[in-house]
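Have a look at the structure below, then the notes.
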Amino acid sequence: MSKEWPLWEIFIRSQNGLNHRHVGSLHAPDAETAILNARDVYTRRKEGVSIWVVKAVDITASQPSLKGPIFDPAEDKVYRHPTFYDIPDDVEHM
Amino acid sequence: MPSLPDMTTPNVAELARDQGGQGPRDVLAETPELKPALFEWLCRMGDSTLVLGHRLSEWCGRGPALEEDIAVANVALDLIGHTQMWLGLAAEVEEGGRSVDDLAYLRDVMRFRNIKLAELPNGDIGRTLMRQFLFDAWHHLMLERLVQSSVTEVAEIAAKALKEVTYHLGRSSDLVIRLGDGTAESHARMQEALDLLWPYTGEMFTGDAVDETVAEAGVAPRPEDLRAAWTALVTEVLFEATLSVPENGDVHRGGKQGRHTEHLGYLLAEMQFLQRAYPGAEW
Amino acid sequence: MYAQMVKSEGSSGEETPEEREFQDRIDRGEKIEPKEWMPAGYRKTLIRQISQHAHSEIVGQLPEGNWITRAPTLERKQILLAKVQDEAGHGLYLYSAAETLGISRDEMYEQLHSGKAKYSSIFNYPTLTWADMGAVGWLVDGAAIMNQVPLQRTSYGPYSRAMIRICKEESFHQRQGYHIMMKMARGTEAQREMAQDALNRFWYPALMMFGPSDANSVHSEQSMAWKIKINTNDELRQRFVNETVPQAEFLGLEVPDPDLAWNEEKGGYDFSQPDWDEFFEVLKGNGPCNKERLGARVKAWEDGAWFRDGLTAYAEKASARRAASATAAE
């Protein structure tokens with residue numbers, strides 16, 4: 001069997017101003033072709049205005065086993081969220 | 001990468017207005033005697049996109065990679081979309097009560113006006129892509145000129161199609177370069193495809209009385225006028241693809257006048273089967 | 001259903017603490033993500049199910065692809081081509097989801113081409129007339145959607161996300177099929193005859209898509225606990241019949257089942273089971289089109305090898321050239 005094309009992760013910005021979002025992956029021989037393929041595969045319904053491609057093996061992910069230590073501390077910082085603050089309804093525009 | 005058209009084509013309608021001075025006149029209203037030639041010419045555009053789109057659709061489900069399968073279908077869909085517009089306008093211009101589908105499904109071979117290159121069988125994916133590239137390079141140049149057409153409807157169709165065809169050309173030239181300069185086998189297959197298809201390319205640049213009439217009226221450029229730019233672009237891509245350009249491209253003509261290869265009859269027999277077998281039925 | 005009779009790999013023996021915690025997460029409705037710990041059986045079952053689903057999408061291109069070049073109007077041609085192209089896209093999304101579990105697309109192809117992996121039995125039936133494009137969209141996509149909608153809630157994140165995207169894109173598939181049926185059923189006598197014939201041929205194969213009854217199957221029980229199967233085959237089949245029969249009546253077509261009758265008590269139709277012997281024969285490779293379908297896939301793959309290799313070679317050369325010119329510039 002010949003060598004398989006590498007896997008690329010595809011990120012698409014759906015409208016100007018929004019962040020690129022991961023939409024899926026595909027195979028392509030290199031980055032330029034990955035962009036062309038992404039256009040054909042992932043924007044068949046006018047989904048995007050900009051495409052990023054990243055080789056899947058080049059992505060470094062956080063350790064799932066460290067999910068607790070990494071993300072739990074944010075859990076009790078409720079004061080970071082606007083709903084923490086009780087403001088009377090009479091006060092407008094806030 | 002050679003100097004391919006910018007993939008982010010600026011607003012072409014605007015471009016047309018700028019270059020045309022006061023913008024397109026309504027030539028059709030001024031010169032109704034233009035209609036027969038215009039009808040012929042529109043059929044040449046629409047039949048070429050129809051037949052080529054049909055050929056590409058034959059790949060669906062059989063592509064060499066899932067990604068390529070999807071990409072080829074996109075090009076096919078674009079071309080069939082262009083057909084709707086070209087033949088739609090042809091039907092209007094003809095004023096004979098025929099619909100787009102009547103034109104596509106109820107004309108026989110000798111009434112089809114596509115260039116022969118479009119009807120040639122797919123062969124392997126290399127031949128399909130080479131055929132596409134040779135066509136796209138012409139198609140792109142043609143549409144760039146048509147956005148300035150004296151017939152408003154033609155300019156509008158061209159403006160819409162040009163965006164898609166800019167992408168087609170970018171893609172097909174890229175693949176021709178990659179496969180030409182890939183492995184020994186891919187190189188050999190691309191060269192073989194080029195040698196086979198090249199003698200059909202001259203037809204794109206050979207005008208007749210119909211072409212002369214529409215050119216006179218400012219509807220479309222003379223086919224000959226596109227040759228130099230096409231040759232320059234194609235030669236540049238083929239050079240980068242490490243492929244050698246064959247000698248004589250002016251061998252097989254006649255498609256535009258309705259004299260086709262044997263292949264078109266089979267294509268139409270398949271494509272038109274239901275409309276022929278069940279006349280008058282709605283689908 | 002595009003994945004039929006997927007054997008589930010239950011764990012043997014006592015449940016470990018890790019397995020307990022894993023099951024708790026699923027019960028709480030959490031999604032399992034690629035790099036997280038999962039029981040080997042969960043991984044194996046999912047690979048089997050998702051790849052079978054993916055294979056069904058790409059083999060499923062063929063029976064409909066059979067009519068793209070014969071579609072009766074330009075618009076029908078565009079619609080059918082766009083739909084069959086979507087199926088390639090859906091296959092791609094699903095292969096990608098399976099790849100997150102540690103198997104490559106090429107390995108999955110290898111399993112398909114060698115006959116080791118299965119795909120849905122429905123695609124081994126021929127499409128003989130244009131009405132079959134209607135029947136396939138209406139019944140086959142209808143049955144598939146019935147299965148795919150609940151799978152959007154499946155426990156495995158990438159699978160769930162693929163299903164969400166697929167369901168969104170597929171919403172037009174069943175409707176375009178029914179639309180074809182409407183045109184045919186209200187068309188000429190010849191068209192009506194084709195429409196009825198298509199329903200006659202696809203009704204039972206569509207019922208088979210849900211697989212044989214799994215009410216007492218251990219595999220299903222495990223898969224349902226893992227939320228990679230959401231409903232039993234019988235539940236889905238019943239729901240399909242309940243929804244489809246009135247649609248057939250609206251068309252003025254007759255469902256080819258003399259025993260079909262509304263059962264007030266259960267609030268659903270009583271209906272005849274398909275011929276399960278035929279189903280197992282088709283799975284074994286003896287359906288009307290097994291050889292053609294698999295043959296077409298293998299041919300596409302083998303004929304495309306030089307293309308894939310050519311592009312790989314160019315990418316390697318180009319990357320070497322870039323590296324060389326970067327070194328030269330230093």
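In what follows, every chain begins at residue 1, and chains take the letters A, B, ... in the order their sequences are listed.
With a 6.0 Å radius and a threshold of 12 heavy atoms from other residues, nucleotides or ligands, C/H179 has its NE2 atom at or below the threshold. The number of heavy-atom neighbours closer than 6.0 Å to NZ of C/K317, taken from other residues, nucleotides and ligands shown, is above 12. Taking a 6.0 Å sphere around CD of C/E169, one finds it holds more than 12 heavy atoms contributed by other residues, nucleotides or ligands. In this structure, C/R175 places its CZ atom where only 12 or fewer heavy-atom neighbours from other residues, nucleotides or ligands lie under 6.0 Å away.
The nearest pair of heavy atoms linking C/Q61 to B/C60 is NE2-SG, 4.0 Å. Among all heavy-atom pairs drawn from B/G182 and C/A313, the shortest one is C-CB, 3.8 Å. The two atoms that bring C/A88 and B/I70 nearest to each other are CB-CG1, 3.7 Å, heavy atoms only. Residues B/A281 and C/T188 approach most closely at CB-CG2, 4.2 Å, considering heavy atoms. Across C/A300 and B/G63, no two heavy atoms sit closer than the pair CB-O, 3.9 Å.
Comparing C/I68, C/I180, C/L92 by how many heavy-atom pairs each has under 4.5 Å with chain B, the most go to C/L92. Comparing B/Q84, B/E58, B/E185 by how many heavy-atom pairs each has under 4.5 Å with chain C, the most go to B/Q84. Taking chain C as the reference chain and counting heavy-atom pairs below 4.5 Å, the highest number among B/Q275, B/R62, B/H54, B/M190 is found for B/H54. Chosen from B/Y278, B/Y105, B/F273, the residue pairing most often with chain C at heavy-atom distances under 4.5 Å is B/Y105. Of the residues considered (B/D124, B/D181, B/T183), B/D181 shows the highest number of contacts with chain C, using heavy-atom pairs under 4.5 Å.
No side-chain donor-acceptor contact under 3.5 Å links B/R189 to the backbone of C/W306. Within the 3.5 Å criterion, the main-chain N or O of B/W283 finds a donor-acceptor partner in the side chain of C/R76. Of the possible polar contacts, one joining the C/R308 side chain to the B/P64 backbone as a donor-acceptor pair under 3.5 Å is found.
The line from OG1 of C/T129 to CG of B/L274 is 8.5 Å long, rounded to the nearest 0.5 Å. Interatomic distance, C/Q85 CD to B/L77 CG, rounded to the nearest 0.5 Å: 5.5 Å. Between B/N74 atom CG and C/L81 atom CG the span is 8.5 Å, to the nearest 0.5 Å. The line from CG of B/D174 to OH of C/Y314 is 7.0 Å long, rounded to the nearest 0.5 Å. The CG atom of B/D69 lies 9.0 Å from the CD1 atom of C/I58; values are rounded to the nearest 0.5 Å. Atoms CG and CD1, from C/D303 and B/I125 in turn, are 10.5 Å apart once rounded to the nearest 0.5 Å.
With a 4.5 Å cut-off on non-hydrogen atoms, C/L74 touches chain B through its backbone and its side chain both. Of the two parts of C/M181, neither the backbone nor the side chain holds a non-hydrogen atom closer than 4.5 Å to a non-hydrogen atom of chain B. Contacts of B/Q272 with chain C are absent, with no heavy-atom separation under 4.5 Å from either backbone or side chain. Of the two parts of C/A71, only the backbone, made up of N, CA, C and O, holds a non-hydrogen atom closer than 4.5 Å to a non-hydrogen atom of chain B. Contact of C/E316 with chain B is not made at all, since no heavy-atom distance falls under 4.5 Å. Using a 4.5 Å cut-off between heavy atoms, C/A82 contacts chain B through both its backbone and its side chain. Using a 4.5 Å cut-off between heavy atoms, C/R297 touches chain B through its side chain atoms alone. With a 4.5 Å cut-off on non-hydrogen atoms, B/L267 does not touch chain C at all.
In summary, the side chains of C/Q191 and B/E282 do not present any donor paired with an acceptor at a separation below 3.5 Å, with no hydrogens or angles considered. There is a side-chain donor-acceptor pair under 3.5 Å between C/T69 and B/E270.
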Show your reasoning for whether salt bridge (Lys or Arg N to Asp or Glu O under 4.0 Å) applies to B/D101 and C/K77. CA-CA 11 Å; B/D101 285 329; C/K77 199 184 193 68; over 6 Å; no
